[in-house]
Enquirer: 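Dropping a structure here in structure tokens format, bear with me for questions.
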Amino acid sequence: MSNESLANLLKEERRFAPPADLAAAANVTGAAYAQAEADRLGFWAEQARRLTWATEPTQTLDWTNPPFAKWFADGKLNVAYNCVDRHVEAGNGDRVALHFEGEPGDSRSITYAELKDEVSKAANALTELGVQAGDRVAVYLPMIPEAVVAMLACARVGAAHSVVFGGFSADAVASRIQDADAKLVITSDGGYRRGKPSALKPAIDEAVAKCPQVEHVLVVRRTGQDTAFTEGRDVWWHDIVGRQSAEHTPQAFDAEHPLFILYTSGTTGKPKGILHTSGGYLTQAAYTHQAVFDLKPETDVYWCTADIGWVTGHSYIVYGPLANGATQVMYEGTPDTPHQGRFWEVVQKYGVTILYTAPTAIRTFMKWGDDIPAKFDLSSLRVLGSVGEPINPEAWIWYRKHIGGDRCPIVDTWWQTETGAMMISPLPGVTETKPGSAQRALPGIGATVVDDEGREVPDGGGGYLVLTEPWPSMLRTIWGDDQRFIDTYWSRFEGKYFAGDGAKKDEDGDIWLLGRVDDVMLVSGHNISTTEVESALVSHPSVAEAAVVGANDETTGQAIVAFVILRGSASETQTLVAELRDHVGATLGPIAKPKRILPVQELPKTRSGKIMRRLLRDVAENRTVGDVTTLADSSVMDLIQSKLPAAGSED
Ligand code: 6R9
């Protein structure tokens, strides 16, 4: 498909200059690009100095055994000390670290001094439970402050945490506990979701029955619901943590000491345990959080709506913001409980200045209607972020207008579990932003687009996104499987990291992400990206959300099948379906016209909000669909449901 399609999607050339006042006081100016370009390692060595080291590193990067990197290898630090204690020592103990907002409406604010006490007590409890440096601890908790405390307590004693999404099935949890060989599991009786307590402990009981190496299960009481207890194995958090001393001396660990494992589902079966280590990871998480959100810790109130079980929760709720001494909001529940304005009520209540959320949430808010955010005072907001998927220009513009009051810059941040921290993003005080593009690699990061042979494509060309230089927060390996690490990321293109995403460069050299390469469709010999067709569909006023897949087709190889969620007022008629096909044809060219368009009520998504296209492909291929206008929404979803693997076997 030609690059004109992108220009077509943008219709008018929409560009947004950084707000003058933000630019004038921005943490990072355009000079950072030139500085990092001139001396990339020097740039990262300087960023590492934002951390407090027990032993300052003298080495920056050891890349003598690629793709196994060591960053700041002779430095020593304690990650939890950096996220908590040092802010108290600097006199900021009274600053709020977390404004916790529970779904039922309970709330509590925790200062850095209080967080230090909690983390120290939890670290002492871990030690009492036999956890030592080098061990692994599985964490299966709802979005409550104890999740942050548990992660930091692990970091403090040098045990690697492996956080598993609350809500994953017992089997999915068991396979992750086994793979990491965790000896302790931290969970809760339950959490609140959609107004009701939802149990977590039963899944852990079932999982741990298959994991004989687990010595203890540490249980936070959140909902107070009835909970089975195994004597000798299970321990209440409030009992054991509650009686510990708040004194705990953090030990310094090597910069390359493991910090956490986080599992991502592979395209083939077994999930991959992505390993991150300490010094480099924290350096890049802290730098990007401060640079990309222009964080001013004294005045900003930051809110990342991600779940702690997603890498975004690790890097941009726990490590980046806390290393920077930020004040943030943590929200337990869903955006529509008890009403569809809950997020905006929270923004208004705490005066949130920086909001970081996902395109899937933004499209949901669009579907619910402009009038909902309009009821709240959102004037405190000054920077908006997006992560998780390509954000289609329609959603970007809506976000800017209805949430950002046409004044806040939007930073569309591309990164992955594997990259640990942001890699491609605008800088809010520097970049003239383009709706739908993540634009360019951050200072100190090397990213480009290559063709099948690994040759860099010229401006205007498309291909595969690659990272050309090692970066501090890069994954160090796949836990227990170095060969899979090499094969998955470093074998497709010589000397470059293969991200698995399709991408294009526009005429200015700015990068546009086009979705996972596995999702790219091949129609009559043409590569067509699912993202582009989805974007075209959503640019039609009747469409709220769209998911596009390529289904096997005898004549064209693959045929484009689109699942669409219509906006409130639109009703599904054959005329509308024909109109949508023509709309895509007019936007992207006739080859991109979907063969079938199926209106549905919901789309199957991962817990982090990514559409599970693979499941939709199953549906699209196994079903003889007749007249789409007679298709009952629920039957499509029933079919999708019946094809869903056990809940939680995907990330
Ligand atoms: C942080 C996170 C990684 C994949 C990545 C890409 C997609 C994330 C994006 C984006 C376009 C963005 N992705 N951010 N695509 N624009 N701003 O999402 O990590 O869950 O590991 O997913 O998400 O496809 O390769 P993870």
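Counting starts at 1 for both ligands and their atoms, in listed order.
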Enquirer: Polar contacts were defined as any N/O atom of the residue lying under 3.5 Å from an N/O atom of the ligand; does this apply to Ser386 and ligand 1?
Expert: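 Min N/O separation from ligand 1 is not below 3.5 Å for Ser386.
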
Enquirer: When the ring planes of Phe485 and Phe68 are compared, do they come out parallel, tilted or perpendicular, using 30° and 60° as the limits?
Expert: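 The rings of Phe485 and Phe68 sit tilted, inter-plane angle from 30° to 60°.
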
Enquirer: With backbone taken as N, CA, C and O and side chain as the heavy atoms from C-beta onward, which portion of Ala438 lies under 4.0 Å from ligand 1: side chain, backbone, both, or neither?
Expert: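 Neither part.
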
Enquirer: Identify, by atom number and element, the atoms of ligand 1 in contact range of Thr413, meaning under 4.0 Å from any of its heavy atoms.
Expert: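 Selected atoms, number and element: 9 (C), 12 (C), 14 (N), 17 (N).
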
Enquirer: Do Asp179 and Trp479 have side-chain atoms, one donor and one acceptor, less than 3.5 Å apart?
Expert: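 Per modelled atom types, Asp179 and Trp479 side chains form no pair under 3.5 Å.
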
Enquirer: I need the atoms of ligand 1 closer than 4.0 Å to a non-hydrogen atom of Val387, numbered in the order shown.
Expert: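 Counting atoms of ligand 1 from 1, those under 4.0 Å from Val387 are 1 (C).
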
Enquirer: Only counting residues at least two apart or in another chain, list the ones meeting side-chain hydrogen bond (donor to acceptor under 3.5 Å, both in side chains) with Trp415.
Expert: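 By the side-chain hydrogen bond (donor to acceptor under 3.5 Å, both in side chains) rule, Trp415 matches Tyr356.
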
Enquirer: For residues Met366 and His402, determine if any side-chain heavy atom of one lies less than 4.5 Å from a side-chain heavy atom of the other.
Expert: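 The answer is no; the side chains never approach within 4.5 Å.
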
Enquirer: Find all atoms of ligand 1 within a distance of less than 4.0 Å from any non-hydrogen atom belonging to Val311, and give their numbers and elements.
Expert: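 Numbered from 1, ligand 1 contributes 1 (C), 19 (O).
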
Enquirer: Under the salt bridge (Lys or Arg N to Asp or Glu O under 4.0 Å) test, which residues partner Asp451, sequence neighbours left out?
Expert: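 Salt bridge (Lys or Arg N to Asp or Glu O under 4.0 Å) list for Asp451, sorted by chain: Arg455.
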
Enquirer: Is there side-chain contact between Asp519 and Arg516, with heavy atoms separated by less than 4.5 Å?
Expert: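 Sidechains of Arg516 and Asp519: in contact.
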
Enquirer: Select one of side chain, backbone, both or neither to describe which atoms of Glu389 lie under 4.0 Å from any atom of ligand 1, heavy atoms only.
Expert: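 For Glu389, the contact with ligand 1 is made by the backbone alone.
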
Enquirer: Any non-hydrogen side-chain atom of Phe43 less than 4.5 Å from a side-chain atom of Tyr33?
Expert: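 Phe43 does not reach Tyr33 side chain to side chain.
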
Enquirer: What atoms of ligand 1 come within less than 4.0 Å of a heavy atom belonging to Leu513?
Expert: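 The list of qualifying atoms is 11 (C).
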
Enquirer: Using the rule given for side chain to side chain contact (heavy atoms under 4.5 Å, CB included), can you reason through Tyr263 versus Ile274, listing the C-alpha separation, both sets of side-chain angles and the distance that settles it, and then say yes or no?
Expert: CA-CA 6 Å; Tyr263 287 86; Ile274 304 301; over 6 Å; no

Enquirer: Report, in ascending order of atom number, the atoms of ligand 1 lying under 4.0 Å from any heavy atom of Thr312.
Expert: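 Counting atoms of ligand 1 from 1, those under 4.0 Å from Thr312 are 1 (C).
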
Enquirer: Using a distance-only test with no angle check, is there a side-chain donor-acceptor pair under 3.5 angstrom linking Tyr464 and Asp452?
Expert: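 Short answer, yes.
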
Enquirer: Contact between Thr264 and ligand 1, counting heavy atoms under 4.0 Å?
Expert: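 Under 4.0 Å: no for Thr264.
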
Enquirer: Applying a heavy-atom cut-off of 4.0 Å, say which part of Ile391 lies close to ligand 1: side chain, backbone, both or neither.
Expert: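 Neither part.
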
Enquirer: Counting only heavy atoms closer than 4.0 Å, does ligand 1 sit against the backbone of Thr417, its side chain, both, or neither?
Expert: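 Under 4.0 Å from ligand 1, Thr417 contributes backbone and side-chain atoms.
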
Enquirer: Which residue from Pro390, Gly500, Gly388 reaches closest to atom 14 (N) of ligand 1 through any of its heavy atoms?
Expert: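 Nearest option to atom 14 (N) of ligand 1, by heavy atoms: Gly388.
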
Enquirer: With a cut-off of 4.0 Å, which atoms of ligand 1 are near a heavy atom of Asp412?
Expert: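 Listed by number with element, the hits are 12 (C), 16 (N), 17 (N).
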
